[in-house]
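Taking it in order: structure first as structure tokens, then the write-up.
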Amino acid sequence: MADFKAWLQQHWPVVKAALLTGEYMPNAVRKVEMPKPNGGVRTLGMPTVLDRPIQQALLQVLQPEFESGFSEHSYGFRPGRNAWQAVQRAQDYIREGRHWVVDLDLEKFFDLVNHDIPMSRVARKVKDERILKLIRRCLEAGLMTDRIVSMRTEGTPQGGPLSPLLSNILLTDLDRELERRGHRFCRYADDCNIYVGSEQAGQRAMATITGYLECRLKLRVNREKSAVARPWRRKFLGYSFTWHKQMRLRIAVSSIKRLKDRVREIVVGNASRNLGATIKTT
DNA sequence: TAGATGCTAAC
RNA sequence: GUUGUUAGCAUCUA
Ligand SMILES: Nc1ncnc2c1ncn2[C@H]1C[C@H](O)[C@@H](COP(=O)(O)OP(=O)(O)OP(=O)(O)O)O1
Ligand SMILES: [Mg+2]
């Protein structure tokens with residue numbers, strides 16, 4: 001890997017020239033099926049060995065350009081931000097007395113990302129036509145199965161270095177819409193939680209925001225994973241809320257179980273009582 | 001301080 | 001055949 005990095009650095013002037021003249025364009029990603037924990041299958045689109053570092057370089061330039069335009073309530077795929085900060089923000093909302101949550105998750109998110117909406121947003125900041133063409137080709141990269149490339153008209157490849165940034169650019173429209181409506185929310189990638197004071201307000205928000213997402217942004221809400229519920233009945237970003245004397249945060253039971261099993265697998269016959277005590281205090 | 005490797009978590 | 005972003009931890013090197 002370090003070898004390849006050195007090679008690319010050595011030939012970077014040539015590669016750069018080929019990219020800017022349009023002589024070389026990314027056009028396909030390799031299809032790889034990955035099992036999901038819940039039993040489903042995630043279709044990854046892996047860039048070619050050449051496209052990957054090219055897109056990573058593009059990201060280094062584009063990321064700072066768009067960071068300033070993102071919402072304060074967006075936490076996913078962003079430098080300096082993590083899931084813990086998002087959950088703490090959610091906890092603040094609940095402590096304010098908003099005891100109902102509209103938990104929204106998008107269906108096959110990356111696979112259904114519209115191309116024209118994020119491209120028009122990118123065009124507002126990036127004026128260079130050659131760069132815009134490059135970015136569009138990263139979105140349009142077809143899925144390659146056994147050397148057969150199928151055309152893509154929607155969706156951004158899961159595994160493309162630019163994909164997380166482009167998805168945030170698209171969902172910034174959602175953030176602005178939620179802010180315009182005065183909602184208290186935090187979003188991590190396609191996982192968006194809106195905190196409201198009553199179930200009725202929650203159902204109303206769920207209906208209008210679902211309509212907005214499906215109509216304006218051409219996305220689909222995952223009705224299995226989404227719900228209007230009490231926050232302490234839901235899991236958010238691997239954490240769940242618990243109600244003792246005050247609102248407290250704890251790691252979701254499923255995450256604890258997974259970690260416990262991992263630890264037990266490693267230490268085979270050794271002290272498991274020690275682990276139980278350790279996890280309880282955490 | 002900088003580079004490299006590996007692991008965990010979220011999506 | 002095992003991707004990406006982000007965050008964290010660990011180890012090695014000078
Ligand atoms: N391991 C990963 N590698 C690359 N991209 C990922 C990975 N995990 C998640 N993503 C990205 C692509 C997904 O579309 C997006 C949202 O994740 P997730 O909600 O778990 O799946 P999904 O939205 O594609 O399907 P679902 O319909 O089950 O919600 O995050
Ligand atoms: Mg989803």
Side-chain angles (χ1 to χ4, degrees), chain A residues 1-6 9 26 28-38 40-64 66-67 70 74-90 103-113 118 138-139 141 143-147 155-171 174 186-193 219 222 225-226 234-240 249-263 265-266 279 282:
Chain A
M1 194 63 209
D3 274 356
F4 177 74
K5 221 166 186 176
Q9 202 160 11
V29 287
R30 193 160 44 103
K31 181 182 170 184
V32 172
E33 308 267 352
M34 286 282 291
K36 271 203 262 189
N38 55 331
V41 177
R42 148 169 288 121
T43 303
L44 298 183
M46 301 167 57
T48 66
V49 71
L50 229 37
D51 292 344
R52 196 188 329 232
I54 289 165
Q55 290 189 41
Q56 282 166 338
L58 256 180
L59 179 69
Q60 294 307 310
V61 178
L62 296 175
Q63 186 120 262
F66 288 94
E67 259 307 303
F70 285 160
S74 165
Y75 292 89
F77 309 138
R78 293 185 60 187
R81 292 172 172 242
N82 55 38
W84 174 245
Q85 293 168 339
V87 172
Q88 279 184 313
R89 189 49 161 270
D103 185 356
L104 283 166
D105 189 276
L106 301 176
E107 190 174 331
K108 300 268 164 297
F109 177 41
F110 277 28
D111 299 327
L112 294 176
V113 166
C138 293
L139 274 167
L143 267 195
M144 184 177 69
T145 322
D146 297 326
R147 308 221 169 82
T156 187
Q158 303 192 27
L162 280 180
S163 295
L165 178 67
L166 291 167
S167 77
N168 266 341
I169 290 171
L170 173 64
L171 286 192
L174 169 65
C186 44
R187 182 175 68 78
Y188 191 102
D190 72 338
D191 211 340
C192 184
N193 277 12
L219 293 164
N222 190 331
K225 292 191 193 171
S226 305
R234 305 287 298 180
K235 178 173 56 149
F236 182 47
L237 305 179
Y239 297 90
S240 53
L249 281 172
R250 61 173 296 166
I251 301 169
V253 280
S254 62
S255 295
I256 289 176
K257 199 153 212 157
R258 187 148 45 92
L259 181 64
K260 241 176 166 176
D261 291 349
R262 284 284 304 160
V263 172
E265 207 175 289
I266 293 165
I279 290 164
T282 314

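Quick note on labels: first sequence line is chain A, next is B, and so on, each numbered from 1. All values below were derived from every heavy atom in this structure, side-chain atoms included, with hydrogens, water molecules and symmetry-related copies excluded.
Rounded to the nearest 0.5 Å, atoms CG (A:Leu174) and CG (A:Leu104) are 8.0 Å apart. To the nearest 0.5 Å, the span separating OG on A:Ser167 from CZ on A:Phe110 amounts to 4.0 Å. To the nearest 0.5 angstrom, A:Ser163 atom OG is 7.0 Å from A:Gln55 atom CD.
Taking 4.5 Å as the limit, some side-chain heavy atom of A:Phe109 sits within range of a side-chain heavy atom of A:Leu171.
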Query raised in the report: For RNA chain C, what is the dot-bracket line, given that a base pair needs Watson-Crick (N1 to N3, plus N6-O4 or O6-N4) or G-U wobble (N1-O2 and O6-N3) geometry with both distances under 3.5 Å, and | means paired with another strand?
Result: ...|||||||||||

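Legend: salt bridge (charged side-chain N to carboxylate O under 4.0 Å, His left out) pairs involving residues 77-87 of chain A, not counting sequence neighbours, sorted by first then second residue: A:Glu67-A:Arg78, A:Glu72-A:Arg81.
Across A:Arg52 and A:Pro47, no two heavy atoms sit closer than the pair NH2-O, 3.5 Å.
Annotation: C:G1 and B:dT8 have their C1' atoms spaced 24 Å apart (nearest Å).
When the options A:Val32, A:Val29, A:Asp111, A:Thr43 are evaluated for a side chain to side chain contact (heavy atoms under 4.5 Å, CB included) with A:Gln158, the one that passes is A:Asp111.
Counting any heavy atom pair closer than 4.0 Å across all strands shown, A:Asn168 reaches no nucleic acid atom.
Here B:dC11 presents its C1' atom at 13 Å from CG of A:Asp103, a figure rounded to the nearest Å. A:Lys235 places its NZ atom 8 Å from the P atom of B:dA10, with the value rounded to the nearest Å.
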Could you run down the sub-3.5 Å N/O contacts of the protein with nucleotides 1-4 of chain B?
{"from": "B:dA4", "atom 1": "OP1", "to": "A:Lys5", "atom 2": "NZ", "distance (Å)": "3.2"}

Report task. Scan nucleotides 1-14 of chain C nucleotide by nucleotide, 5' to 3', and note B when protein non-hydrogen atoms come under 4.0 Å of the base, S if they reach only the sugar-phosphate, - if neither. Result -> SBBBBSS-------

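Residues passing the side chain to side chain donor-acceptor pair (under 3.5 Å) test with A:Asn193, sequence neighbours excluded: A:Tyr195. For the side chain to side chain donor-acceptor pair (under 3.5 Å) test, residues two or more places apart in sequence or in another chain that qualify with A:Glu107 are A:Arg220.
Residue-environment remark: NZ (A:Lys36) exceeds the threshold of 12 foreign heavy atoms within 6.0 Å.
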